[in-house]
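For reference, the structure discussed in these notes is given below.
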Amino acid sequence: MHSAAASIPPLAHHQLFVFLLQAGTLVLLALVCGRLATRLRMPAVAGELCVGIVLGPTVLGSVAPAVAEWLLPRSTEQFHLLDALAQLGVVLLVGVTGMEMDTGLVRRRGATALSVGMGGLLLPLGLGFAAGWAAPDNLIPESTDRLVFSLFLAVALCVSALPVIAKILTDMNLVHRNVGQLTLAAGMVDDIIGWILLSVVSAAAAGAAGLADVAEPLAATALALAFTFLIVRPLVRRATRAAERSDDSRATVAGATAFILLAAAATHALGLEAMFGAFLAGMLLGAGPRAVRTRLAPLRTVVLAVFAPLFFATAGLRVDLRALADPEVLLAAVVLLLIAVTGKVAGAYAGARAAGIGAWESLALGGALNARGVIQLVIATVGLRIGVLTTTTYTLIVLVAISTSLMAPPILRFAMSRVEHTAEEELRSRERSFLPGENASGNQAEA
């Protein structure tokens with residue numbers, strides 16, 4: 001009698017070969033394009049996002065389809081191997097970003113972050129709904145109600161992409177700045193509400209929307225936050241104190257990695273976004289002793305140098321911008337992009353100003369939160385899967401996601417060049433640095 005394990009065939013030789021070839025090629029090209037982007041005074045993530053577009057159907061699939069099919073076969077089993085590795089990368093990226101959050105600043109300026117987040121959420125939500133209501137009939141699937149389409153488009157335009165924002169802030173050495181901290185906190189507000197709204201609209205598209213569809217994600221969010229800060233936080237404090245007394249750095253890195261992944265799995269099991277749990281786990285780890293954060297430097301290096309670029313490169317592989325050759329589609333793309341940028345930047349700016357933040361800092365917040373990136377790609381994929389979007393409207397939303405991600409760095413650079421460093425920021429940079437010897441002045445010089 002054969003055991004259950006023996007009945008599972010191993011990974012096929014050719015499948016493993018293609019996976020290794022794909023991963024190595026994407027990491028190498030992400031490195032090259034990232035370096036090229038930095039030479040053009042753009043963060044590395046801008047070049048990394050373009051790798052997938054070049055290797056995907058937009059460029060390589062059009063110029064050399066046989067090569068594209070050999071390197072990136074469209075079979076589900078093969079693509080999911082790369083997908084799984086990319087998802088591991090984004091979860092770890094968000095966890096590492098959470099470690100750099102100043103929870104004290106979030107507590108002191110929580111109302112400010114809420115004001116910025118809600119401003120950057122409500123205006124694009126309203127403009128997106130209006131755009132969907134006024135959209136031409138040929139952009140709406142025949143089986144989809146216009147109201148549902150409008151609601152879905154509104155949700156797609158109101159989100160921000162925390163992984164992309166985190167990478168941009170890291171590349172530009174802005175995570176330790178007050179603007180960077182508020183951006184991450186406001187981005188969490190946008191993402192939490194955005195994912196809740198997505199679950200409601202998806203249920204509406206399936207004809208099953210009701211009070212429970214609103215209550216369940218809200219209850220899950222409250223449960224996750226309560227469990228994290230009331231039960232998990234004291235346990236993490238004990239664990240980090242024990243790690244501080246230990247000389248085994250490998251155990252610290254392994255334990256932190258496992259904690260981030262398990263926290264992501266927990267929120268995913270609750271029906272929330274996995275990145276939400278990773279971010280909460282990172283925040284708890286970042287509140288630990290400085291010695292523990294210093295030992296986590298190898299994890300941060302590997303995530304930012306390998307896993308994160310691989311994730312951003314993989315994200316573009318599903319993008320096909322050839323539909324923009326149609327003038328009508330191109331016009332619709334320009335209009336949708338203007339609506340998306342105006343809504344997010346103006347909304348976040350208004351929310352920041354209402355909270356008493358200066359004009360240039362408010363513009364920087366709006367510019368950073370304007371990056372939709374991979375979160376919008378995920379939402380667009382959901383819309384295509386449930387039949388709310390056509391392939392054309394899917395392409396339009398993807399274009400907005402990529403364009404807004406590329407627009408964020410120059411807006412941030414322009415605005416932050418007019419914002420002076422504060423003593424609090426320099427102190428935070430020194431105290432929360434992962435790398436021994438890294439200091440605020442070094443960050444300033446690079447920024």
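Within the model, atoms CG of Leu123 and CD1 of Ile339 stand 11.0 Å from one another, a figure rounded to the nearest 0.5 Å. A distance of 11.5 Å separates CG in Leu337 from CD1 in Ile402, rounded to the nearest 0.5 Å. To the nearest 0.5 angstrom, Tyr349 atom OH is 6.0 Å from Ser362 atom OG. In this structure, CZ in Phe279 is found 11.0 Å from CG in Leu93, a value given to the nearest 0.5 Å. Atoms NZ and CG, on Lys344 and Asp190 in that order, are 4.0 Å from each other to the nearest 0.5 Å. Here Cys158 contributes atom SG and Met118 contributes atom CE; the two are 9.5 Å apart, rounded to the nearest 0.5 Å.
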Next on the checklist: Let's go through Phe307 and Val91 carefully: what are the C-alpha distance in whole Å and the side-chain angles of both, what is the deciding distance for side chain to side chain contact (heavy atoms under 4.5 Å, CB included) to 0.1 Å, and is it a yes or a no?
Outcome noted: CA-CA 10 Å; Phe307 284 107; Val91 167; over 6 Å; no
Item to check | Verdict with supporting geometry, Val253 and Leu296, side chain to side chain contact (heavy atoms under 4.5 Å, CB included) | outcome: CA-CA 6 Å; Val253 172; Leu296 292 176; 4.3 Å; yes
Item to check | side chain to side chain contact (heavy atoms under 4.5 Å, CB included) between Val303 and Arg300, worked out | outcome: CA-CA 5 Å; Val303 169; Arg300 182 178 186 270; 5.9 Å; no
Item to check | Verdict with supporting geometry, Thr38 and Asp171, side chain to side chain contact (heavy atoms under 4.5 Å, CB included) | outcome: CA-CA 9 Å; Thr38 56; Asp171 288 344; over 6 Å; no
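Judged purely by atom type and a 3.5 angstrom limit, Arg237 has no side-chain atom pairing as donor or acceptor with the backbone of Arg233. Side-chain atoms of Ser160 do not come within 3.5 Å of backbone N or O of Asn370 as any donor-acceptor pair. Between the side chain of Arg372 and the main chain of Ser403, no donor-acceptor pair closer than 3.5 Å is present. Side-chain atoms of Gln78 never come within 3.5 Å of backbone atoms of Leu72 as a donor-acceptor pair (strictly under, hydrogens ignored). Side-chain N or O atoms of Gln181 include one that pairs as donor or acceptor with a backbone N or O of Val175 at under 3.5 Å. Listed for the Thr144 side chain is no donor-acceptor partner under 3.5 Å among the backbone atoms of Phe149. Between the side chain of Ser115 and the backbone N or O of Ala111 there is no donor-acceptor pair closer than 3.5 Å. A donor-acceptor distance shorter than 3.5 angstrom exists from the side chain of Arg353 to the backbone of Ile357, with no hydrogens or angles considered.
For the residue pair Thr390 / Thr393, a side-chain donor-acceptor distance below 3.5 Å is found, with atom types taken as modelled.
Looking at Leu280 and Phe229, their side chains come closer than 4.5 Å, going by heavy atoms from C-beta outward. No side-chain heavy atom of Leu151 sits less than 4.5 Å from a side-chain heavy atom of Val388. Leu310 places none of its side-chain heavy atoms less than 4.5 Å from the side chain of Val306. The shortest distance between side-chain heavy atoms of Glu48 and Lys167 falls below 4.5 Å. For the pair Ile260/Val94, no side-chain contact is recorded, criterion being any heavy-atom separation below 4.5 Å from C-beta on. Counting heavy atoms from C-beta outward, Thr314 and Leu85 have side chains that stay 4.5 Å or more apart. Inter-residue side-chain proximity for Asn178 and Val419 is flagged as unmet; no heavy-atom pair is nearer than 4.5 Å. Side-chain atoms of Thr170 and Val96, non-hydrogen and from C-beta on, never get closer than 4.5 Å to each other.
Contact detail for Ala30 and Pro309: the closest heavy-atom pair is CB-CB, 3.7 Å. Of all the heavy atoms in Phe152 and Ile379, the pair that sits closest is CZ-O, 3.2 Å. In this structure, Ile411 and Leu363 approach most closely via the heavy-atom pair CG2-O, 4.0 Å. Nearest heavy-atom pair, Leu365 versus Val179, reported as atom, atom and distance to 0.1 Å: CD2-O, 3.6 Å. When all heavy atoms of Leu139 and Pro141 are compared, the closest pair comes out as O-CD, 4.0 Å. Heavy atoms only, all atoms of each residue included: Gly343 and Pro124 are closest at O-CD, 3.4 Å.
Annotation: Arg322, atom CZ; neighbour count of heavy atoms from other residues, nucleotides and ligands within 6.0 Å is above 12.
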